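Note sheet for the following structure.
Throughout, numbering of the chain's residues begins at 1 and tracks the sequence. Atoms within a ligand are numbered from 1 in the order they appear, just like the ligands themselves. As a basis for the values below, the full set of heavy atoms in this structure was taken, side chains included, without hydrogen atoms, waters or symmetry mates. Just so it is clear, the model here is predicted, and its values are computed rather than measured.
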Amino acid sequence: MSAILHSISENADEQELTDGFHLVIDALKLNGVETIYGVPGIPITDFGRMAQAAGIRVISFRHEQNAGNAAAIAGYLTKKPGICLTVSAPGFLNGLTALANATTNCFPMILISGSSEREIVDLQQGDYEEMDQLAIAKPLCKAAFRVLHAADIGIAVARAIRAAVSGRPGGVYLDLPAKLFSQTMDAKAGEKSLVKVIDAAPAQIPAPSAVKRALDVLKSAKRPLIIFGKGAAYAQADDEIRALVEKSGIPFLQMSMAKGLLPDTHPQSAGAARSTVLKDSDVVMLVGARLNWLLSHGKGKTWGDAPKKFIQIDIEPKEMDSNVEIVAPLVGDIGSCVSALLEGIDSKWPAPPADWISTVNAKRDENIAKMAPRLLKNSSPMDFHGALGALRTVIKERPDAILVNEGANTLDLARGIIDMYQPRKRLDVGTWGVMGIGMGFAVAAAIETGKPVLAVEGDSAFGFSGMEVETICRYNLPVCIVIFNNNGIYRGTDVNPLGGDVATTVFVANARYDKMMEAFGGVGVNVTTPDELKRAVDTAMDSGRPTLINAVIDPAAGTESGRIGNLNPQSVVRKK
Ligand code: ADP
Ligand code: TPW
Ligand code: MG
């Protein structure tokens, strides 16, 4: 009896084991994952610790939504899925908003959440943090997978990566029940079970007939326009896109996060003549931009009465005809599509009619000249234009800095005023106009690119992720936050007609957000003029120290909902 036992235990000594913890970490490392953004707790505390010990950078946040936003924008900046790690039920739900937002914006990310015991969850017997997370995640992301066996971890991670980045990028959920982490298996078999994803986002080449159709329509245009969206910035086909613009001679618009793909100061940029080109163009080529609410669905007053033909380049075939007829759909990845178009745009390509170009340029120059004096106003308290005029100069002098931007007036006016000069340098609220992306985006932008970050935040917008200033200080990131402090949402001047509580859009008057940064060892500065603001930002960016600048803005300067007041229903039968 004892002899038999002895021989079994000897064999056990010889067999090297691995477990779920190691297999997930090895699978991520094998696929080039360098950073995980998350919040620790049961059942993934040891996982985060072990990932860190294995050389993955693990950035711990104060709230999962911010970690999720960080992962999402890391995906956008790198074309590799950003990884967010959370605990079960509440942590998972906190991360889910970011996953849904990533999917909506076509950012590749993977939300990995620990979960409770399947047997107990499925019988609803009240496990610790019980929730059927897989079912809840499914409608909110591109794909959702659960792993029950350690031997399947390799395949699951590979599928998650491929689902996130191939075709139209988006969010993927990976559910890892607590038991999986400590499940053991033979180490050699485990190693063999891992999958290194080959060609995760394969090129999608457009059909030659579709390319010819698009070129024919473009060539027939009398008043052509190209619109670039964030899909074009994401594609990292920067040289091809520049060649397309410059060889065709066509004026272009850049959607918010596409700004800087070509410099906003490029001679063909029609950014400052937006209403004119939307209304008067006859052929519009969309490149990685959807005809959603941000482009008034391609119809109505914004687009004028004249008949218009749309060409659309997108990797997602279902995007075509989503709002209006697309006469020349070009389905494929933007790099391949633009390269194919370039083959047809040779020295014989006709320049766009001179009267169209001069109309666009005249309108643009007129609008720029109209705006110029407002940007120079050095008043105290500041208005938005004066303060943004200073920040505009900052980005002009530091074009490689990354600009993060959220708020209402703070967002809409910054978008129009601050010119961008390089691709993927402007990160903002995206397709949903969601508040709360600020600090998550700022952290990931600093970590993924190593460049200085300038986060221009409405005081309300900042509040959604403000606690992450501790995270920024803890990792000593080169992030300079500027709070446009107008005492509230849109304005700080609303009055509750009944007295008592302050109005719903109003915050504590004269708050000092700069003190928050000082609490964690960062630099806090309070400024009241554009000159002071410019000096404070320059100092912050020269030093690379975490800095928060409280910029005092006239509480009466803003307008309701910024530039999208038209979407804001207001009662017409309100009692006086
Ligand atoms: P914006 O808000 O800037 O107008 P959208 O998010 O509405 O941009 O549109 C981005 C579009 O780009 C999506 O329809 C998406 O499918 C597409 N897209 C993303 N990556 C690629 C790519 N590599 N090639 C082609 N299309 C892409
Ligand atoms: C998740 C609604 C849109 S803009 C905004 C809110 C609350 C804040 C505007 O005030 P802020 O900017 O940031 O001070 P400013 O310069 O005009 O004063 N919840 C979510 N997303 C959105 N979009 C809202 C609420 C909203
Ligand atoms: Mg405000």
Side-chain angles (χ1 to χ4, degrees), residues 65 69 76 79 97-98 101 103-108 165-170 201-204 206 227-237 253-259 261 286-295 312-320 322 330-338 383-384 387-388 405-414 426 428-438 456-465 483-493 504-507 511 513 551 553-555 557-565 567-568:
Q65 189 177 121
N69 285 326
Y76 172 74
K79 291 185 96 173
T97 307
N101 189 54
T103 308
T104 299
N105 281 282
C106 316
F107 300 156
V165 295
S166 61
R168 170 182 278 176
Q204 290 186 218
I227 299 180
F228 293 109
K230 58 172 132 37
Y234 172 80
Q236 297 194 15
L253 281 183
Q254 309 191 98
M255 300 300 286
S256 200
M257 281 179 59
K259 277 167 65 78
L261 186 47
L286 299 156
V287 185
R290 286 171 285 188
L291 279 177
N292 55 17
W293 69 279
L294 288 157
L295 281 169
Q312 183 162 25
I313 303 181
D314 206 290
I315 203 158
E316 173 58 66
K318 290 201 297 288
E319 190 55 41
M320 306 299 156
S322 58
L330 197 50
V331 175
D333 73 273
I334 285 165
S336 301
C337 291
V338 172
D383 64 10
F384 286 93
L388 287 166
N405 190 200
E406 60 179 335
N409 293 279
T410 305
L411 175 86
D412 292 345
L413 294 169
R426 185 183 156 84
D428 67 28
V429 301
T431 304
W432 268 349
V434 64
M435 298 299 115
I437 48 85
V456 179
E457 302 270 314
D459 52 339
S460 164
F462 171 72
F464 288 74
S465 67
I483 312 276
F484 274 38
N485 187 357
N486 60 351
N487 286 359
I489 299 176
Y490 314 136
R491 273 187 308 265
T493 52
T504 55
T505 54
V506 170
F507 294 162
Y513 291 92
I553 304 284
D554 180 353
T559 57
E560 175 118 344
S561 302
R563 286 272 170 91
I564 54 173
L567 301 177
N568 189 31

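Those atoms of ligand 1 with a heavy atom of Arg168 less than 4.0 angstrom away are 13 (C), 14 (O), 15 (C), 16 (O). Those atoms of ligand 1 that come under 4.0 Å of a heavy atom in Cys106, given as number and element, are 13 (C), 15 (C). For ligand 1, the atoms sitting less than 4.0 Å from at least one non-hydrogen atom of Tyr234 are 20 (N), numbered in the order shown with element in parentheses. Against a heavy-atom cut-off of under 4.0 Å, Gly288 is close to the following atoms of ligand 1: 8 (O), 9 (O), 10 (C), 11 (C), 12 (O).
Under a 4.0 angstrom heavy-atom cut-off, Gly332 registers as being in contact with ligand 1.
The backbone N or O of Ala511 lies less than 3.5 Å from a partner atom in the side chain of Asn485, making a donor-acceptor pair. Lys230 places no side-chain N or O within 3.5 Å of a backbone atom of Gly288 that could act as its donor or acceptor partner. Side chain of Gln312 to main chain of Arg290: no donor-acceptor pair is present (N/O by atom type, distance under 3.5 Å, no hydrogens or angles). Put simply, the side chain of Gln65 never gets that close to the backbone of Thr97: no donor and acceptor are under 3.5 Å apart. The main-chain N or O of Trp432 is never found under 3.5 Å from a side-chain atom of Trp293 such that the two would form a donor-acceptor pair. Between the side chain of Asn486 and the backbone N or O of Ile553, no donor-acceptor pair lies under 3.5 Å. Formation of a donor-acceptor pair under 3.5 Å by the Asn409 side chain with backbone atoms of Thr559 is found in this model. With Gln204 contributing its side chain and Val331 its backbone, the two residues share no donor-acceptor pair below 3.5 Å. Without hydrogens or angle criteria, Asp459 side chain to Asn487 main chain gives a donor-acceptor distance under 3.5 Å.
Counting only protein atoms, the N, O or S atoms lying less than 2.8 Å from the Mg ion (ligand 3) are Asp459 OD1, Asn486 OD1, Gly488 O, ordered by chain and residue number.
Residue Arg168 holds its CZ atom at 7.5 Å from NZ of Lys318, rounded to the nearest 0.5 Å.
Screening Thr104, Thr103, Asn105 against Thr431 for a side-chain hydrogen bond (donor to acceptor under 3.5 Å, both in side chains) leaves a single residue, Asn105.
Protein residues having a heavy atom under 4.0 Å from any atom of ligand 2 are Phe384, Gly407, Ala408, Asn409, Thr410, Gly433, Val434, Met435, Gly458, Asp459, Ser460, Ala461, Phe464, Asn486, Gly488, Ile489, Tyr490, listed by chain and number.
Contacts between Asn292 and ligand 1 below 4.0 angstrom, taking non-hydrogen atoms only, involve the side chain exclusively. Residue contacts with ligand 1 for Lys230 involve both N, CA, C or O and side-chain atoms from C-beta outward (heavy atoms, distance under 4.0 Å).
Taking any N or O of Glu319, backbone or side chain, none lies under 3.5 Å from an N or O belonging to ligand 1.
A side-chain donor from one of Arg426 and Ser256 sits under 3.5 Å from a side-chain acceptor of the other.
Considering each of Pro206, Gly170, Gly231, the one bringing a non-hydrogen atom nearest atom 18 (N) of ligand 1 is Gly231.
The nearest protein atom to atom 23 (N) of ligand 1, hydrogens excluded, is given as Ala235 CB, 3.8 Å; this is a heavy-atom distance.
The aromatic rings of Phe107 and Tyr76 sit tilted, their planes meeting at an angle between 30° and 60°.
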